[in-house]
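Here is the structure we will look at, set down as structure tokens.
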Amino acid sequence: MNIETRNKILNYIDLFILFIQLDLFIWILFELGYPFRPLIYRVTIGVILILLFEVIIEASFSTRLTVYLRNNWYKLFFVFIGLYFYWKFVGYPQSGKYISILSKLFLGGLELLLFIKFILQLQRIKEIIGTFRVSPAQLIIVSFATIILIGSFLLYLPYSRPRGSSMRYIDALFTSVSAVCVTGLVVVDTGAAFSAGGKVLLLMLIQAGGIGIMTIAAFIQLSLGSQMSLFGRFSTASVLGQTTLKDLYEVIKAIVKITFIIEGFGSILLFMVFMEKWGMGIKALFYGVFHSISAFCNAGFSLFSDSFTGWVGIAKMNFLLIMLIILGGLGFTVILNLWRRLLRGRTERITVQTKIVLIMSTILIIVGGIEFFIFESDNVLKSLKPGEKFLASLFQSVTARTAGFNTVDISALRPITLFALSILMFIGASPGSTGGGIKTTTFFILILSIVTILRDRRFNTVFNRRIPFQVVNRAFAILVSALGIVVLATLLLGVFENFSFPQLYFEVVSAFGTVGLSTGITPYLTDAGKIIIMLLMFIGRLGPLTIVLAVGAQPTTRLVTYPEEQVMVG
């Protein structure tokens, strides 16, 4: 066996062992929340055996045993430490008075041992990952999937729930997907189903999903003075929607700073509103911070069981949430462009993307608000005062663009209103933002292309700039793939669920657009239905083209151009 083959096999074995140890680490974390169970003994034996197996396999693959043992002495040390404490723990009777305390200490020691081993093996893990050729699109998917799985395990822990309550793992996974994909669809009551620690964890998942785990990692790396690799820069630029690596470091730092500044001001202002209801205290402060981050990240998670239906007539609350939702949906690139324009004046050019985003966002908000007012003026808005009708219509128009909060009962809306809102949800927010959907710029390019075709013009031009054909093709590809996903998901959901078509269609579009609005059917979905919705949220957050690029073949440049021939269409 040559060296290359041996190293490749050893990498796969080490990766397999790493996953087993990670599973054991997570299981012990769960077990710490329960009383003593004899199963602990068997799991401890499993930990010791896997540590011993790792040493034996690596030693057998090593060409110089003494060098291996000198460099990996700590692994043997961990085996002996595990055996010693297991022997001491087994000797204590199960009916003993302190068995519960000793079991917690013993499990905590095992957890610490595995954690230290993981830290010591970071360089080895980096070497293993470096042997796999991963594209930026694949890295984005892996980063989101990893944080989702970790979040689901942590939300499933007993510490994340009120004492005495229970939760199925699929519900914890659904909540984690919804949080990281900043959607807001829920299968449990967020305010009641999670403890204070669980809510803080949920908030961290929302923040990580909103900014992007890769952006946060890049910011930490830059803050510590480290340099990003070229691959890391390409991957981060892909997440942020940047077409160039120029000034990427400044963009990353500016995005994180802008995010925390906006969320900070939002938290203070919301805290002042909540303080009028509950007085100055930790509850008002936490509710302010939670809903500020949830609104700016367009997550739609609320600690109120009925979202904000109880605040429909409170102008301050409505406008604060609207402001945060709009800012989060504009996109970091647009906010940064506007901020630089404000600081530098006319020396900073307002880009075409910024103009398109501002125009489309304004039009969609106004049109959506008017439609909602017309369709629901004698329905859910009937009992409200004129000013409250205006607030409710405006709020629903804004929130349908991927935010997910609601100040009226969505289940009571007319089918035509649900369809109108689903169009807004399908379009979604803007590129590089915390929202989903096909994006406002995509919708604008599609309309512009149709106008160009009808006017028999050769190029798509706007604001004295020509839009590249690649961008137009990408816009049509996004539209077709998004429509296909929505149609397929609606059909699949109809197979497993017994709800009406408008309810199923609305749920699907809400998940794909990472909006979070629902007619109330989400908690009652079957497990198969929940899995479909989770996949939709994941695809909607990353974008269908990112998924295609990740699983498809690497693009190649054709060196041959074939003859052109006309085909009749239409």
Side-chain angles (χ1 to χ4, degrees), residues 14 16-58 72-122 125 146 149-176 188-189 192-202 204-205:
D14 282 349
F16 171 75
I17 293 173
L18 181 65
F19 277 118
I20 296 296
Q21 291 175 352
L22 183 61
D23 289 337
L24 290 169
F25 183 88
I26 293 169
W27 183 89
I28 293 171
L29 204 60
F30 286 142
E31 196 64 25
L32 281 168
Y34 296 97
F36 166 77
R37 295 191 294 181
L39 183 63
I40 294 174
Y41 298 126
R42 292 198 294 271
V43 173
T44 306
I45 291 295
V47 171
I48 295 171
L49 287 177
I50 197 67
L51 292 175
L52 187 61
F53 175 75
E54 181 181 12
V55 173
I56 293 172
I57 290 294
E58 290 181 349
N72 296 273
W73 61 268
Y74 64 89
K75 295 182 181 179
L76 275 174
F77 178 72
F78 286 157
V79 172
F80 288 120
I81 285 290
L83 283 170
Y84 175 76
F85 282 104
Y86 174 72
W87 174 65
K88 287 288 185 179
F89 182 62
V90 169
Y92 191 84
Q94 296 184 18
S95 57
K97 182 179 179 181
Y98 301 106
I99 186 64
S100 180
I101 297 174
L102 287 175
S103 66
K104 293 289 187 296
L105 291 173
F106 179 71
L107 289 174
L110 278 181
E111 198 81 331
L112 181 62
L113 185 146
L114 289 173
F115 180 74
I116 294 173
K117 182 178 179 297
F118 176 79
I119 296 298
L120 293 173
Q121 285 186 290
L122 280 177
I125 294 169
T146 301
L149 287 175
I150 293 174
S152 68
F153 289 133
L154 294 176
L155 288 174
Y156 189 59
L157 286 173
Y159 310 108
S160 297
R161 305 189 300 271
R163 187 180 297 274
S165 65
S166 62
M167 180 184 293
R168 299 174 64 213
Y169 175 71
I170 192 169
D171 292 336
L173 178 61
F174 189 100
T175 304
S176 182
V188 294
D189 184 351
F194 296 102
S195 63
K199 291 168 186 173
V200 171
L201 173 61
L202 192 63
M204 293 171 64
L205 293 175

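Atom set for the values below is all heavy atoms of this structure, side chains included, hydrogens, waters and symmetry mates excluded. Note that the coordinates shown come from a computational prediction; the quantities given were computed from them, not determined experimentally.
- In terms of heavy-atom proximity, Leu155 sits nearest to Leu205 at CD1-CD1, 4.0 Å.
- Taken from OG1 in Thr44 to CG in Leu49, the straight-line distance is 10.5 Å, to the nearest 0.5 Å.
- The environment of Tyr86 atom OH is dense: over 12 non-hydrogen atoms of other residues, nucleotides or ligands sit within 6.0 angstrom.
- Tyr169 meets the side-chain contact (heavy atoms from CB on, under 4.5 Å) test with Leu149, Ser152, Phe153, Tyr156, Leu173; sequence neighbours excluded.
- In this structure, CD on Gln21 lies 10.5 Å from CZ on Phe16, to the nearest 0.5 angstrom.
- For the pair Pro162 and Ser195, the tightest heavy-atom approach, listed with the atom from each and the gap, is CD-N, 3.8 Å.
- In this structure, Ile150 CD1 and Thr146 OG1 are separated by 6.0 Å, a value rounded to the nearest 0.5 Å.
- Lys88 pairs by the side chain to side chain donor-acceptor pair (under 3.5 Å) definition with nothing, not counting sequence neighbours.
- Classification of the Tyr41-Phe89 ring pair by plane angle, with boundaries at 30° and 60°, yields tilted.
- Interatomic distance, Thr175 OG1 to Leu202 CG, rounded to the nearest 0.5 Å: 7.0 Å.
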Can you list the steps and then say if Ile50 with Glu54 is a side chain to side chain contact (heavy atoms under 4.5 Å, CB included)? CA-CA 6 Å; Ile50 197 67; Glu54 181 181 12; 6.0 Å; no
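- To the nearest 0.5 Å, atom CZ of residue Phe25 and atom CG of residue Leu112 are 9.0 Å apart.
- In this structure the side chain of Leu110 never reaches within 4.5 angstrom of the side chain of Phe85, judged on heavy atoms.
- The side chain to side chain donor-acceptor pair (under 3.5 Å) test applied to Glu58 returns Tyr68, Lys75, not counting sequence neighbours.
- Atoms CG and CD1, from Leu51 and Ile20 in turn, are 12.0 Å apart once rounded to the nearest 0.5 Å.
- The closest side-chain heavy-atom distance from Leu154 to Leu157 is below 4.5 Å.
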